[in-house]
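First listed ligand is number 1; within each ligand, the first listed atom is number 1. Any value given below was found using the heavy atoms of this structure, including those in side chains, with hydrogens, waters and symmetry copies removed. Residue numbers count from 1 along this sequence.
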Amino acid sequence: MRVAMIGAGYVGLVSGACFADFGHDVCCVDKDPTKIEALNRGEIPIYEPGLAGLVANNVREGRLSFAGDLSQAVKNAEAVFIAVGTPSRRGDGHADLTYVYQAAREIAAAMDGYTVVVTKSTVPVGTGDEVERIIREIRPDAEFSVVSNPEFLREGAAISDFKRPDRIVIGAEDERSKGVMTEIYRPLYLNQSPLLAMSRRTAELTKYAANAFLATKITFINEIADLCEQVGANVQDVARGIGLDNRIGSKFLHAGPGYGGSCFPKDTLALIKTAQDHDAPIRIVETVAAVNSQRKRAMGRKVVAACGGTVRGKTIAVLGLTFKPNTDDMRDAPSIDIITTLQDSGAKVRAYDPEGMEAATAVLTNVDYAKDAYDCARGADALVIVTEWDMFRALDLTRLKAALAEPVVVDLRNVYRPDEMQRRGFTYMSVGRA
Ligand code: UDX
């Protein structure tokens with residue numbers, strides 16, 4: 001199959017490279033000439049494990065190429081995926097569809113022969129209808145279908161999520177486009193990944209419902225963690241105790257500083273807005289979003305409490321800045337609110353993150369950056385683990401204690417065991433554990 005991928009961002013690049021790896025002929029298009037030049041030099045603009053090798057192999061095999069202009073790629077393609085950004089619109093939280101509609105107009109002008117136009121970007125219900133209307137207006141004569149095919153990729157695990165998905169959701173309104181999509185995903189279908197066909201609007205909503213449900217699950221366990229702290233219970237045991245119930249499932253029950261990233265905060269907000277606009281408010285998700293955003297600053301106050309009620313004039317070491325490990329993504333990372341809360345309370349912050357420090361400099365001010373975890377701890381009055389990078393899971397505790405001015409550790413990811421930390425002489429606080 002000949003595929004054009006519009007948008008060589010996170011989703012576009014991962015999906016494009018994986019489709020090429022299935023054997024399809026893929027051209028990834030992006031308007032940013034510096035990105036295309038970098039990709040053509042073999043440089044990958046984002047940090048995602050395995051992606052550089054996958055791109056290089058498929059470029060070498062001649063199945064993957066990059067272009068700054070979409071006309072040739074779209075003209076050749078049987079399927080054109082729209083994988084451009086849908087940021088939160090400033091002010092109201094609605095998904096900003098400017099880039100999606102712009103892509104639709106350009107695709108309309110360039111397509112040749114029957115073309116399936118697929119929205120992969122996360123878009124509110126009804127966006128596919130509007131994409132279809134736009135294309136039809138520009139090309140009343142054209143033969144095309146508009147399909148929704150949402151992605152469920154986790155950053156840091158995107159390639160395996162793409163190649164071994166729990167399911168593939170196809171929102172198609174006609175058999176012909178369903179046939180093309182089935183062909184594109186055939187390699188996965190042979191691996192018995194379930195391919196779910198549904199209406200286009202249903203597929204669009206499924207994506208938001210999935211992310212809102214996962215955000216709710218995390219927020220639920222976070223609130224149970226707060227209660228555990230008050231009543232002397234252990235949230236990890238509670239999570240295991242409920243998670244082994246098949247109806248609940250054990251994933252996404254890790255208590256922590258609150259969810260962040262490019263999807264959950266933005267998608268919950270967009271779902272809330274869509275639901276309100278359609279007079280079917282989803283109050284549980286409204287509460288989840290509010291609880292989660294309050295939680296991040298509350299984690300800053302938790303650190304202040306661990307420091308005896310004040311951090312004025314103190315140095316706090318922060319390990320981990322990105323919203324989760326194995327990414328350099330700082331979007332809506334809890335570290336931002338935690339660090340600003342500490343700074344507002346008069347603390348000096350020194351931080352270390354293996355991949356996120358460059359991106360952090362754009363969103364944080366007055367932070368000193370360290371060269372590793374021990375350098376970060378040096379002379380600090382407390383150490384906070386915000387992101388559970390593997391390299392923070394087995395720190396040399398003797399060395400760490402010697403580096404700190406005060407042996408205070410606030411572990412917001414429950415990486416260490418309270419009994420061991422106490423035995424080692426640390427004042428140790430974690431999440432939802434006595
Ligand atoms: C998510 C979805 O998982 C993916 O399917 C979707 O398409 C895009 O959004 P991603 O944002 O990359 O992926 O990360 P994910 O691993 O889901 O984590 C999101 C946030 O939740 C992170 O901040 C993470 O630390 C937090 N989280 C996750 C928890 O606090 N506890 C958990 O148990 C799981």
Starting from [atom], find the nearest protein heavy-atom neighbour and note its residue, name and distance.
atom: atom 23 (O) of ligand 1; answer: Gly260 N, 3.0 Å
atom: atom 34 (C) of ligand 1; answer: Phe252 CD2, 3.4 Å
atom: atom 9 (O) of ligand 1; answer: Cys263 CB, 3.0 Å
atom: atom 15 (P) of ligand 1; answer: Lys324 NZ, 3.6 Å
atom: atom 28 (C) of ligand 1; answer: Ile218 CD1, 3.5 Å
atom: atom 3 (O) of ligand 1; answer: Arg154 CG, 3.2 Å
atom: atom 31 (N) of ligand 1; answer: His254 O, 2.9 Å
atom: atom 1 (C) of ligand 1; answer: Phe264 CE2, 3.6 Å

For ligand 1, note which part of Leu253 has a heavy atom under 4.0 Å away: side chain, backbone, both or neither.
->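 It is the backbone that gets close, since no side chain atom is under 4.0 Å.
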What part of Leu153, side chain from CB on, backbone N/CA/C/O, both or neither, has a heavy atom under 4.0 Å from ligand 1?
->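 Backbone only; the side chain of Leu153 stays clear of ligand 1.
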Sequence neighbours left out, what passes side chain to side chain donor-acceptor pair (under 3.5 Å) with Ser177? Give chain and number order.
->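 Once residues adjacent in sequence are excluded, the partners of Ser177 under the side chain to side chain donor-acceptor pair (under 3.5 Å) criterion are Asp174.
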Can you name the residues that form a side chain to side chain donor-acceptor pair (under 3.5 Å) with Arg399, not counting sequence neighbours?
->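 Side chain to side chain donor-acceptor pair (under 3.5 Å) check on Arg399 returns nothing, list empty.
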Centres of the Phe426 and Tyr416 rings: under 6.0 Å?
->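 Between Tyr416 and Phe426, which both carry aromatic rings, the centre distance is not below 6.0 Å.
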Quick check, are the ring centers of Tyr185 and Phe19 under 6.0 angstrom apart?
->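 Judged by ring-centre distance (under 6.0 Å), Tyr185 and Phe19 do meet the cut-off.
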Check: [X] N/O within less than 3.5 Å of ligand 1 N/O:
X: Ser262; answer: no
X: Tyr259; answer: no
X: Phe323; answer: yes
X: Arg413; answer: yes

Taking all atoms of both residues into account, what is the closest heavy-atom pair of Gly256 and Asn222, and its distance?
->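 Reported closest heavy-atom pair: N-OD1, 2.8 Å.
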Check Ala306 against Met429 and note the closest heavy-atom contact, atom names and distance.
->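 That would be CB-SD, 3.3 Å.
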Determine, using heavy atoms of Gly261 and all atoms of ligand 1, whether some pair is separated by less than 4.0 Å.
->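 No; Gly261 lies far enough from ligand 1 that no heavy-atom distance drops under 4.0 Å.
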Would you say Lys207 touches ligand 1, if touching means a heavy atom closer than 4.0 Å?
->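 Yes; Lys207 lies near enough to ligand 1 that a heavy-atom distance drops under 4.0 Å.
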Donor-acceptor contact below 3.5 Å, side chain Glu78 vs main chain Val3 |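 No, because the side chain of Glu78 does not come within donor-acceptor range (under 3.5 Å) of the backbone of Val3.
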Are the charged groups of Glu286 and Arg283 less than 4.0 angstrom apart, N to O?
->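 No.
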Chi angles and distances behind the side-chain hydrogen bond (donor to acceptor under 3.5 Å, both in side chains) call for Asp411, Tyr428 | CA-CA 7 Å; Asp411 177 1; Tyr428 178 77; 2.6 Å; yes
Give the numbers and elements of all ligand 1 atoms closer than 4.0 Å to a heavy atom of Asn211.
->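 Once the distances to Asn211 are compared, the set is 2 (C), 6 (C).
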Check against side-chain contact (heavy atoms from CB on, under 4.5 Å), Tyr369 and Thr361 | CA-CA 9 Å; Tyr369 294 98; Thr361 54; 3.7 Å; yes
Would you please test Leu319 and Leu395 for side-chain contact (heavy atoms from CB on, under 4.5 Å) and show each step?
-> CA-CA 11 Å; Leu319 292 187; Leu395 292 168; 3.8 Å; yes
